[in-house]
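The block underneath contains the structure these notes are about, expressed in structure tokens.
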There are 2 protein chains.
Amino acid sequence: MPGRCGSQYADHPRRICAAFRRMTIPRQAILDILNTSKHHMSAEDIYLAVHQFYPQIGLATVYRTLELLTQEGLVSRFEFGDHKARYEIVRSDQTHHHHHLICIKCGRVVEYSDFIDEELDLIKRVEAGLTEKYNFNIKTHLIQFYGLCGQCQIQQ
Amino acid sequence: MPGRCGSQYADHPRRICAAFRRMTIPRQAILDILNTSKHHMSAEDIYLAVHQFYPQIGLATVYRTLELLTQEGLVSRFEFGDHKARYEIVRSDQTHHHHHLICIKCGRVVEYSDFIDEELDLIKRVEAGLTEKYNFNIKTHLIQFYGLCGQCQIQQ
DNA sequence: CTCCTTATTGATAATGATTATCATTTGCAT
DNA sequence: ATGCAAATGATAATCATTATCAATAAGGAG
């Protein structure tokens, strides 16, 4: 039931059109999963989730779709240090916006949204400055803190 | 000529001791390269640089050493989206401190240090808040912006 | 200074996430 | 309805990183 490329996606129809030349069932399925999920997912997580209601899906399609969405800034790709990328849809209304706190010993990832407002305010200003100086059209940003979680501080 | 673990490293001797149980020639060589380099390097870059004056070095040793240094927060690991990590020594005096601006189409990476002071000020405050709330001992942070560089904006 | 324990090394094989390939299928403009 | 290019799915290939293991060397004890 694919219609014009991004028509049924209220959030970023124009940029969905920019990312895809054609809307397809696998792509819709992937977008649905990403839109429903509140947390970051690996490509395989997404593959498995889509597979439940669309078993024909191929893993390669998941990677290809994520690549296109990432290049259009519609999806954020995170690396937490385990050599497995995580993806998350970018919501225009900033719902669930958060940054990450990562333990460099055990790999635990904490999503925090405290301080986000203050951070976003700065981000916005820096973005404007960078756009002007380096002539970049900035789509997304990444802020992560690395350190030792409580557990790992104890185990020296 | 290795002495007590981190003795000849003025910068973070105590944390070098924490990272290593023994100081060795390969580790010194890797630290020397990292200290000399002004820019991020991949594991292979480092391997090749060390290899020039210490040809016995093995690639696995480079990875192991970088892992230990990263876990101690003495080295920052970056991922720019090409699935190849880059490493950079953390200087206690904040010399050459910078963040990154990455083109999501062509992968170009710009190091910027404009706005850094303003950013670091916020970082410091957020760090304090996160430390308290989540009981993390924060060692490093990562700030990256993603977008289209001038070139890639033109090529639609 | 020498010995001894054990951390570390280097070579190499294994792993595993991601990408490339290619024949087949499908979206969608005309 | 038709045709062509885009997209798919299966699978093979890639390649950065990690695990393995016998050999080596750091550095504390005596």
Side-chain angles (χ1 to χ4, degrees), chain A residues 1-8 16-31 40-48 50-51 53-72 75 77-87 104 107, chain B residues 1-9 16-31 40-48 50-51 53-72 75 77-87 104 107 156:
Chain A
M1 79 188 38
R4 297 189 87 261
C5 60
S7 52
Q8 53 279 83
I16 297 236
C17 285
F20 302 145
R21 301 205 201 190
R22 293 176 183 172
M23 178 52 71
T24 65
I25 295 175
R27 285 172 175 177
Q28 284 197 5
I30 292 166
L31 280 166
H40 48 259
M41 302 176 85
S42 67
E44 202 185 346
D45 292 339
I46 295 166
Y47 167 78
L48 290 173
V50 171
H51 190 268
F53 61 94
Y54 188 72
Q56 308 97 294
I57 189 84
L59 186 53
T61 301
V62 174
Y63 276 106
R64 277 184 296 237
T65 303
L66 289 170
E67 175 68 14
L68 292 171
L69 291 169
T70 303
Q71 286 208 351
E72 203 48 44
V75 158
R77 172 197 272 142
F78 301 110
E79 303 271 358
F80 297 137
D82 63 352
H83 304 286
K84 196 195 252 176
R86 308 303 153 96
Y87 302 85
I104 49 186
Chain B
M1 84 188 36
R4 294 189 88 260
C5 61
S7 51
Q8 53 280 83
Y9 289 94
I16 297 236
C17 285
F20 302 144
R21 302 207 199 187
R22 294 177 183 173
M23 178 52 70
T24 65
I25 295 175
R27 284 171 176 179
Q28 284 198 4
I30 292 165
L31 280 166
H40 47 260
M41 302 176 84
S42 69
E44 202 186 344
D45 292 339
I46 295 166
Y47 167 78
L48 290 172
V50 171
H51 189 268
F53 62 93
Y54 188 72
Q56 308 97 295
I57 190 84
L59 186 53
T61 301
V62 174
Y63 276 105
R64 278 185 296 237
T65 303
L66 289 171
E67 174 68 15
L68 292 170
L69 290 169
T70 302
Q71 286 208 351
E72 202 49 44
V75 158
R77 171 197 271 142
F78 301 109
E79 305 269 357
F80 297 136
D82 62 352
H83 304 287
K84 196 195 250 178
R86 308 303 154 96
Y87 301 86
I104 49 187
Q156 63 116 340

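Chain letters run A, B, ... following the sequence lines, proteins first, then strands; residues in each count from 1.
Taking only distance into account, the side chain of Arg22(B) meets the base of dT6(C) through a donor-acceptor pair shorter than 3.5 Å. With hydrogens and angles ignored, no donor-acceptor pair closer than 3.5 Å exists between the side chain of Arg27(A) and the base of dG27(C).
Here Tyr63(A) does not reach the OP1 or OP2 of dT19(C): none of its side-chain N or O atoms lies under 4.0 Å away.
Checking dT17(D), dT9(C), dT19(C) against every side-chain atom of Ala43(B), the shortest atom distance belongs to dT17(D). Listed nucleotides: dT19(C), dA11(C), dA26(D). Nearest to the side chain of Ala60(B): dA11(C). Taking the side chain of Tyr54(A) as heavy atoms from C-beta on, and the options dG9(D), dA11(C), dA17(C), the nearest nucleotide is dG9(D). Listed nucleotides: dG27(D), dT19(C), dG10(C). Nearest to the side chain of Ile57(B): dG10(C). For Arg64(B), the side-chain atoms get nearest to dT20(D) when compared with the rest of dA10(D), dT20(D), dG27(C). With distances taken from any side-chain atom of His83(B) to the nucleotides dT18(C), dG9(D), dT17(D), the minimum falls on dT18(C). The listed nucleotides are dA26(D), dT19(C), dA16(D); the one nearest the side chain of Thr24(B) is dA26(D).
Across the protein-nucleic acid pair, Leu59(A) atom CG and dG16(C) atom P stand 15 Å apart, rounded to whole Å. Phe20(A) places its CZ atom 12 Å from the P atom of dC28(C), with the value rounded to the nearest Å. Counting to the nearest Å, the C1' atom of dA26(D) and the CD atom of Gln28(B) are 12 Å from each other. Per the geometry, CZ belonging to Arg77(B) stands 12 Å off C1' belonging to dT18(D), to the nearest Å. Protein atom CG of Asp82(A) is 10 Å distant from nucleotide atom P of dT18(D), rounded to whole Å. Computed from coordinates, the Glu44(B) CD to dT17(D) C1' distance equals 12 Å when rounded to whole Å. The nearest whole Å value for the distance from the CG atom in Leu66(B) to the C1' atom in dA16(D) is 13 Å. Rounded to a whole Å, the NE2 atom of His51(A) is 16 Å from the P atom of dT8(D).
At a threshold of 4.0 angstrom between heavy atoms, the contacts of Glu67(A) with the nucleic acid are absent. If you check every strand for non-hydrogen atoms under 4.0 Å, Gln56(A) touches sugar and phosphate atoms only.
Between Arg77(A) and Arg86(A), every side-chain heavy-atom pair lies at or beyond the 4.5 Å cut-off. Contact check for Val62(A) versus Val50(A): no side-chain heavy atoms found under the 4.5 Å cut-off. Contact check for Tyr87(B) versus Asp45(B): no side-chain heavy atoms found under the 4.5 Å cut-off.
Nearer the 5' end of DNA chain C, as judged by each residue's closest nucleotide, is the contact made by Tyr47(B), out of Gly81(B) and Tyr47(B).
A donor-acceptor contact shorter than 3.5 Å links the side chain of Arg27(A) to the backbone of Arg22(A).
When all heavy atoms of Leu31(A) and Ile16(A) are compared, the pair lying nearest together is CD1-CD1, 3.8 Å.
Classification of the Phe78(B)-Phe80(B) ring pair by plane angle, with boundaries at 30° and 60°, yields parallel.
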